[in-house]
S.K.: 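Have a look at this one.
In this chain, numbering begins with 1 at the start of the sequence shown.
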Amino acid sequence: MSAASQILPSVNAPYSQNLCARQLAESISSIEAATKAMGPVFSFFTEIEPHLQKAFISEMGLSFEEVRLVADHLQASCPFPLRFYE
C-alpha cells in the first residue's frame, strides 16, 4: 500500500477536502501553496506518523529541506511540537 493511499483519507476528511497526492505534495513543500490548503497541511504535520510522512516525501520525490521549511513555518505558530520533528 502506498504512503499516499494511507495519508490522503486522514488529511482530507476532517476538512472536507479532496486533495490528490500531487496537490498535497505541492502543499507540504511550498509555504505559498500550504496557505491555500492549510487544513490538510496542518493535519499532515500533526496527525500523520513520522515514518509515513517520510515515506510520502520520498514517494513523491520531494526535497526534504523544502518540506522542512514548511514545517518550520507552521511550527512557528503552533504551541505544541509537530510530529514531523519526532
S.K.: Check whether any side-chain N or O of Ser30 sits under 3.5 Å from a backbone N or O of Glu26 as a donor-acceptor pair, and report yes or no.
M.R.: no

S.K.: Output yes when a side-chain donor or acceptor of Glu86 lies under 3.5 Å from a complementary backbone atom of Pro50, and no otherwise.
M.R.: no

S.K.: Under 4.5 Å between side-chain heavy atoms, hopping through other hydrophobics if needed: is there a path connecting Leu52 to Val41?
M.R.: yes

S.K.: Would you confirm whether Ser27, through its side chain, and Gln23, through its main-chain N or O, come within 3.5 Å as a donor-acceptor pair?
M.R.: yes

S.K.: Out of curiosity, Lys54 NZ to Leu62 CG, how far, rounded to the nearest 0.5 Å?
M.R.: 14.0 Å

S.K.: If I compare all heavy atoms of Ala21 with all of Phe56, which pair ends up nearest, and what's the gap?
M.R.: O-CZ, 3.5 Å

S.K.: State which residue, out of Leu74, Val67, Ile48, Val70, fulfils the side chain to side chain contact (heavy atoms under 4.5 Å, CB included) condition with Phe84.
M.R.: Val67

S.K.: Let's go through Cys20 and Leu24 carefully: what are the C-alpha distance in whole Å and the side-chain angles of both, what is the deciding distance for side chain to side chain contact (heavy atoms under 4.5 Å, CB included) to 0.1 Å, and is it a yes or a no?
M.R.: CA-CA 6 Å; Cys20 69; Leu24 179 62; over 6 Å; no

S.K.: Do NZ/NE/NH1/NH2 and the carboxylate oxygens of Glu47 and Arg83 come within less than 4.0 Å?
M.R.: no

S.K.: Answer with yes or no whether the hydrophobic clustering places Tyr85 together with Leu69; edges join I, L, V, M, F, W, Y residues whose side-chain heavy atoms lie under 4.5 Å apart.
M.R.: no

S.K.: Which atom names give the shortest non-hydrogen contact between Pro9 and Pro14, and what distance separates them?
M.R.: O-CD, 4.3 Å

S.K.: Working note: Phe45 + Ile28, criterion side chain to side chain contact (heavy atoms under 4.5 Å, CB included); need CA distance, chi angles, decisive distance, verdict.
M.R.: CA-CA 9 Å; Phe45 287 115; Ile28 64 166; 4.1 Å; yes

S.K.: Determine, using the 4.5 Å side-chain heavy-atom cutoff (strictly less than), whether Leu19 and Met60 are members of one ILVMFWY cluster.
M.R.: yes

S.K.: Between Glu65 (side chain only) and Arg68 (backbone N and O only), is there a donor and an acceptor less than 3.5 Å apart?
M.R.: no

S.K.: Which residue pairs satisfy the side-chain hydrogen bond (donor to acceptor under 3.5 Å, both in side chains) criterion with at least one member in residues 3-19, sequence neighbours excluded?
M.R.: Ser2-Ser5

